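Scroll down for the structure; my scribbles are underneath it.
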Amino acid sequence: MSVNTLDREVLTSLRLIMEEDFAALLNAWWQDAGEKMAQLHEAVRNDDHDAVRRTAHSLKGSGSNLGLLALNAVCQEIESTATSMNLASEATGHMLVNLQQSINASAQALQEETGVILIGANFSG
C-alpha cells in the first residue's frame, strides 16, 4: 500500500469527532462509492460529460473528507479532463478501471488502518 494512500491525521481527527459513528461513516462512504461508480458508468454510456465531471467531483469530496489522498488524485484527473475526453474511447474504460482500483485500494487501506470492516468488501481475490 502506498504511503500516500491515506492522510492518517485526517482519519484520526475524524475518528475522535465521530466516535461510535465512525464505522457507520466509513460504510456509508463505501456504499456511496459503489453508487458513484454505477453513476459514472451510466454517464459514460450516455456520453454525459457534465455528469462524469460532477460525479468525480462528488467522489473526490467524500474522499477528501476521509483523507483518501490517492483516490482524490484519480478523481481530480477525471474531473479535469471530463469535458475534453472522448467518453467512447478506450482511455475512458481505462480511467474507470483505474478509479475502481483506487476505490478498492482506499477501502482496503481504511480497513487496515482503522480496523473497521466495510460491509460487503472483499479484497482477497
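Fair warning: this is a prediction, and the values are worked out from it, not measured in the lab.
The shortest distance between side-chain heavy atoms of I103 and L59 falls below 4.5 Å. Side-chain atoms of L6 and L11, non-hydrogen and from C-beta on, do get closer than 4.5 Å to each other.
For Q39, there are no side chain to side chain donor-acceptor pair (under 3.5 Å) partners at least two apart in sequence or on another chain. Remark: N86 engages no residue in a side chain to side chain donor-acceptor pair (under 3.5 Å) (not counting sequence neighbours). For R15, there are no side chain to side chain donor-acceptor pair (under 3.5 Å) partners, not counting sequence neighbours. Considering only residues two or more places apart in sequence or on other chains, N98 meets the side chain to side chain donor-acceptor pair (under 3.5 Å) condition with none of them. Applying the salt bridge (Lys or Arg N to Asp or Glu O under 4.0 Å) rule to D32 yields the partners K36; only residues at least two apart in sequence or on another chain are considered.
Here the shortest heavy-atom pairing between L110 and T114 reads O-OG1, 2.6 Å. Summarising the geometry of V52 relative to A82, their closest heavy-atom pair is CG1-CB, 3.9 Å, with the distance given to 0.1 Å.
Atom-to-atom distance recorded for L96:CG and Q101:CD is 11.0 Å, nearest 0.5 angstrom. If you take CD1 on I78 and OG1 on T55, they are separated by 10.0 Å, rounding to the nearest 0.5 Å. Put simply, CE on M85 and NE2 on H49 are 8.5 Å apart, with the number rounded to the nearest 0.5 Å. Within the model, atoms CG of L71 and CG of L99 stand 6.5 Å from one another, a figure rounded to the nearest 0.5 Å. Taking CG of L69 as the reference point, atom CZ of R8 lies at 9.5 Å (rounded to 0.5 Å).
Sequence neighbours left out, the pairs with a member in residues 46-58 that pass salt bridge (charged side-chain N to carboxylate O under 4.0 Å, His left out) are D50-R53, D50-R54. For residues 94-111, the set of pairs meeting the salt bridge (charged side-chain N to carboxylate O under 4.0 Å, His left out) definition, not counting sequence neighbours, is empty. Identified under the side-chain hydrogen bond (donor to acceptor under 3.5 Å, both in side chains) test for residues 20-31, with sequence neighbours left out: Q31-E35. Residue pairs meeting the side-chain hydrogen bond (donor to acceptor under 3.5 Å, both in side chains) criterion with at least one partner in residues 66-83, sequence neighbours excluded, are H57-E79, K60-Q76, K60-E79, Q76-S80. Screening residues 80-100 for salt bridge (charged side-chain N to carboxylate O under 4.0 Å, His left out) gives no qualifying pairs among residues at least two apart or on separate chains.
If you run side chain to side chain contact (heavy atoms under 4.5 Å, CB included) between L26 and each of V116, I117, I119, only V116 comes through.
In this structure a side-chain-to-backbone donor-acceptor pair under 3.5 Å is missing from S13 to V10. For the pair Q111 (side chain) and L118 (backbone), a donor-acceptor distance under 3.5 Å is present.
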